[in-house]
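A short worksheet on the structure shown next.
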Amino acid sequence: MYEVLEHTADIGLRIRADDLGSLLADAARGLFSLIVANLDDVRPLESQRIQLRGAADEYLLFDWLAELLFLFETRRMLFSEFAVQVTDQGIDAVCRGEPLDDQRHRLDHEVKAITYHGLTLVAGRDGWMAEVILDI
Amino acid sequence: MPAQRFTGPLERVTAYCWRIPRSYKPGMRVDGLIFADEQLLAHIRDDQAPEQVANVAFLPGIQHASLAMPDIHWGYGFCIGGVCATDPAEGGVISPGGVGYDINCGVRLVRSDLSQEEVQPHLARLVEELFRTIPAGVGRGGTHRFSSQELRRLMARGVAFLKDRGLATEGDLDHTEARGCLAGAEPDSVSPRALERGSDQCGTLGAGNHFLEVQVVDAVFDEAAAQALGLWPGQVCLMIHSGSRGLGYQVCDDALRQLRHTPAKYGIQLPDRQLVCAPVDSQEGRGYLGAMAAAANFAWCNRQLLMWQARECFARVFGTPWEALKMNLVYDVAHNIAKFEEHTLGGARRRLWVHRKGATRAFPPHHPETPALYQAIGQPVLIPGDMGRASWVLVGQSGSMEQTFGTACHGAGRRLSRTAAAREAQGRRIDQELAARGIVARAHSWKGLAEEQPAAYKDVDVVVEVVHQAHLARKVARMRPIGVIKG
């Protein structure tokens, strides 16, 4: 699950999940829910594999979201479904979605970047929790 | 992450300046100074922006104080409205977060010889034409496409490159800060990813707080300066607010990634990772500065192409070439940038890297970098407010050199968070509310309009009054919006 957090100039996300893979998948949903108002209308027609190397820390979360943002900006791809496998080296993910269609997708925000301000990823007894602020 | 109130010290220096003493946090190298009146200060305490002013005071080589303008609000790393000058001779650093993701986000003002009476009958058509023509909104590419090689030349030469393509005039160059080209640009330091993001975005407005507005000169406060700027009451002008688009965002993102471990390498202690930095005189520092200047030049070209398209819209609607409508550029200023400038500190001339993160340069009359045409009045300072109330034109004053490294505010500053503003707008039609006030507004996204509604911002008149009273910049003219284009 994710929730949208108040931030004066920008927007934050707080994500909670049982495991890191689910957390990364929910964070990705959170990101695209800010970009497109009707995320549920994004059909899982095309898939894209993303592999990232890195320790299971907040930089991995950052790099994951930054990669998705790059794919949206340069390939106009909207993703709505994510299967993220955490490996010893990093992550191996499959994202499903479709290209942006002005007729069907209502866009909400231009996310300029993922930021490091208040960037948090912690594992506790109750699962994983992360916070990230997006530059709007 | 929630917006905690700032409970630290804010000591009164003058009626318009408040100090966070260096003793507030171990690690602060200088005081924090916030320019505001008591009314604004009450709001400023509501979030972590003053804490961010204190955090910036940790940066090695920082001079005088970590400064904030009256439009200060909570950002990431630096507050919005932050100013920080570092001295390379004292191990001073450059911090990409002190410039921001939107490198050379800025404002330009274009005048015309049209009065509101002449424009009013055509206003709806004009706004529609601008909305149809100017690429804006999330995921919208532009009509001007550049190959990677052309993009590199554009970033190296700035607006002069567009002049050679017939998309800028000599007058446009004369009226752009640094003639639309920051020296030291190194396009080869810009990553392929940044080039990919920017390839179709030069000449696009973007979204968020970026806008294009048709405005009317509402009131003139300094006749002589207004005359020098070619402004008169009732005159229709055009204001454009945009930056370096995806290319700049990616340049900043790349730099922050490269600098992730630099503070540890140079033994720099920082309270916030978004403040990562490198000594100016280091490979990392020089690499960022070359890429930043390239992105800054891209941004000036972006605003130039936006203006060019808008001029053509006016020409179509009024059936008159834009030159005959005298749609000349008044000025273009950057408000997210780092510049190497000469300043006097303790009686000595020093060359400093001045970071302005949501802050506008405000050089006084007779300063060598004030454009030749404006030497007598000072550098124009363009302050957009909100889409319902006003924007301002000021000119720099000598007080800015004495107090703020030649800087004034850059806007009204947000009062409400985006989520709070959208909540307040539930069930409302912001465009219809604006129409009732005589403003024709068109936006690609309801949420964009809701989050940018006038109530989301502080009253720009109050912010500008602080800048005026503190002698940072002098009020020249107040502008009122009549047509608004948003992403």
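In what follows, every chain begins at residue 1, and chains take the letters A, B, ... in the order their sequences are listed.
Annotation: cation-pi pair B:R260/A:F62 present, NZ/CZ under 6.0 Å from the ring centroid and within 45° of its normal. B:R193 forms a cation-pi arrangement with A:F70, by the criterion of a distance under 6.0 Å to the ring centre and an angle within 45° of the ring axis.
Proximity of A:D63 to B:R257: side-chain heavy atoms (C-beta onward) are separated by under 4.5 Å at one or more points. At least one side-chain heavy atom of A:E73 sits under 4.5 Å from a side-chain heavy atom of B:Q201.
Rounding to the nearest 0.5 Å places NZ of A:K112 at 11.0 Å from OH of B:Y101. With values rounded to the nearest 0.5 angstrom, B:D200 atom CG is found 10.0 Å from A:T74 atom OG1.
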- Query: Does the pair A:H109 and B:E451 meet the rule for a side-chain contact (heavy atoms from CB on, under 4.5 Å), with working shown?
  - Reply: CA-CA 10 Å; A:H109 293 101; B:E451 290 178 359; 2.4 Å; yes

- Task: Dump the intermediate steps for side-chain contact (heavy atoms from CB on, under 4.5 Å) on A:Y116 and B:V276, then the final yes or no.
- Result: CA-CA 10 Å; A:Y116 296 89; B:V276 290; over 6 Å; no

- Task: Applying side-chain contact (heavy atoms from CB on, under 4.5 Å), run through A:V4 and B:T419 and close with a yes or a no.
- Result: CA-CA 8 Å; A:V4 175; B:T419 35; 3.6 Å; yes

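Under a 3.5 Å cut-off, the side chain of A:E110 and the backbone N or O of B:G208 do not form any donor-acceptor pair. The backbone N or O of A:D108 lies less than 3.5 Å from no partner atom in the side chain of B:H444, so there is not a single donor-acceptor pair.
For B:R245, the part lying under 4.5 angstrom from a heavy atom of chain A is the side chain only. In this structure, the portions of B:L256 lying under 4.5 Å from any heavy atom of chain A include both its backbone and its side chain.
The shortest heavy-atom contact between B:Q274 and A:H117 is OE1-N, 3.3 Å. Between A:E6 and B:W74, the shortest heavy-atom contact is O-CZ3, 4.0 Å.
Residue pairs meeting the ring pair (Phe, Tyr, Trp, His ring centres under 6.0 Å) criterion with at least one partner in residues 21-47 of chain A, sequence neighbours excluded, are A:F32-A:F79.
With chain A as the partner, the residue from B:Q52, B:R414, B:R273 showing the most heavy-atom pairs under 4.5 Å is B:R273. Per-residue heavy-atom pair counts under 4.5 Å with chain B were compared for A:L100, A:I114, A:V111, and the maximum is reached by A:I114. For the set A:V36, A:L107, A:I35, the entry with the most heavy-atom pairs within less than 4.5 Å of chain B is A:L107.
Among the residues in residues 50-59 of chain A, those with a non-hydrogen atom closer than 4.5 angstrom to a non-hydrogen atom of chain B are A:E58, A:Y59.
With respect to the salt-bridge test (charged N to carboxylate O, under 4.0 angstrom), the residues B:R418 and A:D135 do not qualify.
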